[in-house]
Amino acid sequence: MSELTQLAPDFIRAIAPYKAGKPVSDVVRELGLDPAKVVKLASNENPLGLGGKAQAAIARAVADLGRYPDANGFALKAKIAAKHGIQPEQVTLGNGSNDILELAAKAFLTHGTNSVFSQYAFAVYPLATQGCGAQSKVVPAVAYTHDLDGFLAAIDEQTRVVFIANPNNPTGTFLKQDVLLSFLAKVPSRVLVVLDEAYNEFLKPEDQYDSTQWVAQFPNLLVSRSFSKAYGLAGLRVGYAVSGTQVADLLNRVRQPFNVNSIALAAAEAALDDHDFLQQTYEVNQAGLALLQSSFQAMGLEYVPSYGNFVLLKVGSTDDAGLKVFDALQRLGVIVRPVNNYGLPQWLRVSIGLPEENKAFLQALPQALKVLA
Ligand code: PMP
């Protein structure tokens, strides 16, 4: 290591970079596969791709690319505010909801403070925390989900942020609204609760709730939403937070001036109106999820019942099982996600795809599992 890089803070050098799902192009190059036959079920993307309304908005927005984007995202914020019945000043836009998570960390965390989150919670929480030189307090999961009583016990004087993904990635678990509300009532009001709802739109109607309405009662609540999943805009990077205006004001101080590009702003605005696309997405996901889970059951494979657009599947009982089956599937042209970095080396996470993609995965799976024999 050079003297230069050695002088970077220890907490930065200790960061283990985020491991993204493998792009199709990498797998095609490495294994010499036919790109048309490779199925990617590794990044919880929308298998339908981009909705028609977003596509049309993107085509229109291209003409204006010589200009900077609207730094305050006026039109998109207004639309989001109308959707939730809140003030535009309560909305913060992000370069993906990942940006929102980092802005929350940057605004509240520093040396000597900590964040609280669950074992098996989304990998960006420790990254965002460490990037600020703060400590992560990881609460053991109960039944693969957040133990909110454990969170309350872990919160101390130095806690500034709590991260809860609902549904959670990579486990797909879900906490019902009464559990969240009773937690919020007990969390000290000086602690920011980041409720990360990247997968909210995949919930069944009976599980849906609108936590943005709770911000009025809990000014320490920040709800994060993504356009990358159900809205199909993963490549554009756009998400948002709903919070009290004081929290939004702080996030606004630490964000880049133009953190959401003009194509993303236009596409997100149009996507919010594309109710048919959202409904179709929901239906494709429900059908795919039901098929995968019933097939796992029929094969005698353990899985965590999912509320998202992916399922966590146990593929073996040794700590090399996940990577071995991942590799075997990849050779058969199916890319899924190993989750050994989450401390789940015997498991794989599989995103729900189109019917033919799910079928290709289910056909490849028994063969791939033979590597463990
Ligand atoms: N939160 C959770 C729980 C996620 O799984 C993801 C994506 N993997 C994100 C946030 C970030 O998504 P994006 O930045 O694309 O909105």
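Quick caveat: nothing in here was measured; it's all calculated off a predicted structure. Start at 1 and go down the list; that is how both ligands and their atoms are numbered.
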- prompt: For atom 8 (N) of ligand 1, which candidate among R337, R225, K229 holds the nearest heavy atom?
  reply: K229
Heavy atoms of other groups near K79 NZ, more than 12 under 6.0 Å: yes
task: Check the angle between the aromatic planes of Y199 and F310 and answer parallel, tilted or perpendicular using the 30° and 60° thresholds.
output: perpendicular
query: Heavy atom of N44 under 4.0 Å from ligand 1?
result: no
message: Counting only heavy atoms closer than 4.0 Å, does ligand 1 sit against the backbone of D196, its side chain, both, or neither?
response: side chain
- prompt: If you draw a 6.0 Å radius around CD in E206, do more than 12 non-hydrogen atoms from other residues or ligands fall strictly inside?
  reply: yes
message: For P69, is there any backbone N or O sitting under 3.5 Å from a side-chain donor or acceptor partner on S262?
response: no
query: Hey, is G239 one of the residues with a heavy atom under 4.0 angstrom from ligand 1?
result: no
message: If we only consider heavy atoms of F227, is any one of them less than 4.0 Å away from an atom in ligand 1?
response: no
message: Taking R29 first and then D26, would you say they form a salt bridge - that is, a charged N and a carboxylate O separated by under 4.0 Å?
response: yes
statement: Logged contact type for S228 with ligand 1, heavy-atom cut-off 4.0 Å, is side chain
task: If the plane angle is over 60° it's perpendicular, under 30° parallel, otherwise tilted; pick one for F296 and F361.
output: perpendicular
query: Which residue owns the protein heavy atom closest to atom 12 (O) of ligand 1, what's the atom, and how far is it?
result: S97 OG, 3.5 Å
